[in-house]
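Naming: A, B, ... by sequence-line order, numbering from 1 per chain.
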Amino acid sequence: MTNANSESQDVRTPSNFLRDIIAEDVRTKKYGDAVIQTRFPPEPNGYLHIGHAKAICLDFGLADEFGGKTNLRFDDTNPEKEEQEYVDSIMKDVRWLGFEWDRLCFASDYFGQLYQWALQLIRAGKAYVDDLSAEDIRHYRGTLTGPGTDSPYRNRSVEENLDLFVRMKNGEFPDGSRVLRARIDMASPNLNMRDPVMYRILHATHHRTGDTWCIYPMYDFAHGQSDSIEQITHSMCTLEFADHQPIYRWYIEQLGIFPSQQFEFDRLNLTYTLLSKRKLLQLVQEKHVSGWDDPRMPTLSGIRRRGFTPEAIRTFCAAIGATRTNGTTDIEMLEHFQRDDLNRRARRAMAVLYPLKVVIDNYPEGQEEFVEVANNPEDPSAGTRQVPFSREIYIEQDDFRELPPPKYYRLSPGKEVRLRNAYFITAQSVEKDAAGNIVEVHCTYDPASRGGNSPDGRKVKSTMHWVSAPHAISAEIRLYDKLFSKADPGDFEEGQSFLSNLNPNSLEILSGARLEPSLAGARVEEHFQFERVGYFCVDPDSAPGRLVFNRTLPLKDTWAKIEKKAGS
RNA sequence: UGGGCGAUCGACUAAUGGUAGGUCAAGUGCCUUUGGAGCACUUUGUCCAGGUUCGAAUCCUGGUCGCCCAGCCA
């Protein structure tokens, strides 16, 4: 298994209860000389999201930590919701995250064995065919506070149950007409033990088994036994399955098979984020986003396209740990680990998103030169590159104010600043259009300050990025922001839905940006830090000569904070 | 008037009867050729009430609050 290796930035939480349990089981040799075996069991009915990443890191990470193995198992017991497209995307995403499974498994591979086990339980008088309708079953199940009632079909003979079940399998009955149920206890305080349904009739084509079957096992009758077949030692799942533990154990005990054990941990919740497959599907189907891989989606394919990296996601997952407490993690924490990762690794470049032309009046017309620029100041091994400079350049509109507010260090009339890696310039005058908008700033430069330092030791308060106007290239820039404007997207007014919390400004497309020419060679999915602006990566929509950049995250903006404080 | 699980800084998470610590966020200062990064410092916490104990976040009792469960979904 070539799992995510522990790089230096990996955060190891001191401990979590799952690791403690496994460590103890390894120490006491609970499973003899057998190795720790886990599994990641997605249902192929949607794309994986950041919440699954936590489960993946736990399933694969913990097994790996103790020299164990992890299977990727598709929990494909419901043919009506599952598709090959999802299987493919899930495999791709798990690998992208940095994990490789020991065995690729499908619950559907066990349909035959599961069927035999069902027969075994019927023969043992532990299962029966019920003719009650779905509605009646619900009714007979009782309530949270009151016991259920036995189905009138509960005491059929073994022979009759066998006959009926075989005929169910042979397709003699229509969908919904009968089910196979475990015979346990209709008065159990745990609803899952009130004769749970084991099999339902579904004349549907399965993405792998085709039309071989018309009866399909329920999750509870499939999951534990699948774990058992694969000799899973530690079957980790989320908290809402805790109530299923008794039924998980019941089937394994009745069948006398390998005793896999289930452990539950808390599901990931993130502020400003929805992690419900149903709602994500709705966003896709109703076209509130461009698809499962829309860069605003919390899906792994979405955040990959946005520019997030597997390393950062793994570090994040390690940092948040695992407990049995429901909570909501600040999205800021994910963003922090992503910035941290990209700060170390992303190549720097200069790009002006909202250009303002600057003419350097005392720079010779027609002259050009190249200045040497570090590709990544955090990583000298990234080398340097040559960036063209000339008389006319673009700077960010925000970097010039005719009337500078207090503490504004950037360019303003009479003020001297540094153009990064180039020269000191001083603003002299502005040109405006008929409407009074500044369209051009005239400056002078100090030829002695080449490279960005003045020999006389003169200091400037500000350093600004720039792009040489005649050399600049264009690109489409997609500025992404949070998909939802409310920390809890599920918190909405009466009569509304989570859709009312959609952030109307989650995507802004810029067409006027000017970029340094070296960016022309950028490849899809390549990450950059546009200095002083943010982290960007190349979108797959790019074509030769037509670059598209997605903003992964903006850089932290201290000035914006100062300005906001002054304004409020 | 069922059952299950849980409760530690604003958020996430350690401490497993012996100094309540880390990360994020927030704030202050230093530094800076990215108002980025970095560095230093600071603020804020054991749900409540009893009990056991030399000593309790941890053990006990009783409350309170939160989450999950009545699919022929997973």
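A:R324 comes within 4.0 angstrom of the backbone, heavy atoms only, and of no base. Using a 4.0 Å heavy-atom distance criterion, A:Q245 is classed as making no nucleic acid contact. Looking at heavy-atom distances under 4.0 Å, A:S188 makes no contact with the nucleic acid at all. At the heavy-atom level, A:A560 lies nowhere under 4.0 Å from the strands shown. Across all strands shown, A:E332 has heavy atoms under 4.0 Å from sugar-phosphate atoms exclusively, and none from any base. Among the atoms of the strands shown, none is found under 4.0 Å from any heavy atom of A:T271. Residue contacts shown for A:Y408 include a base, since a base heavy atom lies under 4.0 Å away. The residue A:T145 sits close to a base: some heavy atom pair falls under 4.0 Å.
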Please list every donor-acceptor pair under 3.5 Å in which a side-chain atom of residues 214-226 of chain A meets a protein atom from a residue at least two apart or in another chain.
{"from": "A:Y216", "atom 1": "OH", "to": "A:A204", "atom 2": "O", "distance (Å)": "3.1"}
{"from": "A:Y216", "atom 1": "OH", "to": "A:W213", "atom 2": "O", "distance (Å)": "3.1"}
{"from": "A:D220", "atom 1": "OD1", "to": "A:H244", "atom 2": "ND1", "distance (Å)": "2.8"}
{"from": "A:D220", "atom 1": "OD2", "to": "A:H244", "atom 2": "ND1", "distance (Å)": "3.2"}
{"from": "A:H223", "atom 1": "ND1", "to": "A:D75", "atom 2": "OD2", "distance (Å)": "2.7"}
{"from": "A:H223", "atom 1": "NE2", "to": "A:R39", "atom 2": "NH1", "distance (Å)": "2.7"}
{"from": "A:Q225", "atom 1": "NE2", "to": "A:F221", "atom 2": "O", "distance (Å)": "2.6"}
{"from": "A:S226", "atom 1": "OG", "to": "A:A222", "atom 2": "O", "distance (Å)": "2.6"}

Using a 3.5 Å cut-off and no angle test, enumerate the donor-acceptor pairs between side-chain atoms of residues 317-327 of chain A and protein atoms at least two apart in sequence or in another chain.
{"from": "A:T323", "atom 1": "OG1", "to": "A:T325", "atom 2": "N", "distance (Å)": "3.1"}
{"from": "A:R324", "atom 1": "NH1", "to": "A:E264", "atom 2": "O", "distance (Å)": "3.2"}
{"from": "A:R324", "atom 1": "NH1", "to": "A:E264", "atom 2": "OE1", "distance (Å)": "3.0"}

Inset, instruction - Any chance you could lay out the side-chain contact (heavy atoms from CB on, under 4.5 Å) test for A:Y140 and A:D195, step after step, and finish with the verdict? - result: CA-CA 10 Å; A:Y140 276 75; A:D195 290 11; over 6 Å; no
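Distance, A:D340 CG to B:C24 C1': 12 Å, rounded to whole Å. Taking atom CG of A:D266 as the reference point, atom C1' of B:G66 lies 14 Å away to the nearest angstrom. Regarding A:F265, its CZ atom lies at a distance of 18 Å from the P atom of B:C5, rounded to whole Å. Rounding to whole angstrom units, CG of residue A:L18 and P of B:U13 are separated by 12 Å. As a whole-Å value, the separation of A:Y248 OH from B:G4 C1' is 18 Å. Following rounding to the nearest Å, A:L334 (CG) and B:U23 (P) show an atom-to-atom distance of 18 Å. Atom CZ of A:R19 and atom C1' of B:A14 are 12 Å apart (whole Å).
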Inset, instruction - Taking Watson-Crick and G-U wobble pairs with both distances under 3.5 Å, convert RNA chain B into its dot-bracket string, 5' to 3', dots for unpaired and | for cross-strand pairs. - result: .((((((..((((....[..)))).(((((.......)))))....(((((..]....))))))))))).....
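Classification of A:E135 and A:R138 as a salt-bridged pair fails, no side-chain N sitting under 4.0 Å from a carboxylate O. Under 4.0 Å is where a charged nitrogen must lie from a carboxylate oxygen, and between A:D491 and A:K486 at least one such pair does. For the pair A:E396 and A:R410, the salt-bridge criterion is not met [side-chain N within less than 4.0 Å of a carboxylate O]. Salt-bridge check for A:D340 with A:R344: passed, with a basic side-chain N closer than 4.0 Å to an acidic carboxylate O.
Between A:Y445 and A:F424, a ring centre-to-centre spacing not shorter than 6.0 Å is recorded.
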Can you check nucleotides 15-19 of chain B for protein contacts, nitrogen or oxygen pairs under 3.5 Å, and list what you find?
{"from": "B:U16", "atom 1": "O4", "to": "A:D20", "atom 2": "OD2", "distance (Å)": "2.8"}

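Contact check, A:H465 against B:U34: no side-chain N or O comes under 4.0 Å of OP1 or OP2.
The shortest distance between side-chain heavy atoms of A:R348 and A:N376 falls below 4.5 Å. By the 4.5 Å heavy-atom criterion applied to side chains, A:H52 and A:F40 are counted as neighbours.
A residue-by-residue look at A:A422 and A:L555 shows that A:A422 has its nearest nucleotide of RNA chain B further toward the 5' end.
Checked against side chain to side chain donor-acceptor pair (under 3.5 Å), A:D398 has no partners two or more places apart in sequence or in another chain.
If you check distances only, the side chain of A:R339 never reaches the base of B:G36 with a donor-acceptor pair under 3.5 Å.
The backbone N or O of A:E240 lies less than 3.5 Å from no partner atom in the side chain of A:T238, so there is not a single donor-acceptor pair.
With B:A26, B:G35, B:G36 as the candidates, the nucleotide lying closest to the side chain of A:K561 is B:A26.
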Inset, instruction - Give the B/S/- string for nucleotides 68-74 of chain B, one per nucleotide from 5' to 3', where a protein heavy atom under 4.0 Å of the base yields B, of only the sugar-phosphate yields S, and otherwise -. - result: BBBSBBB
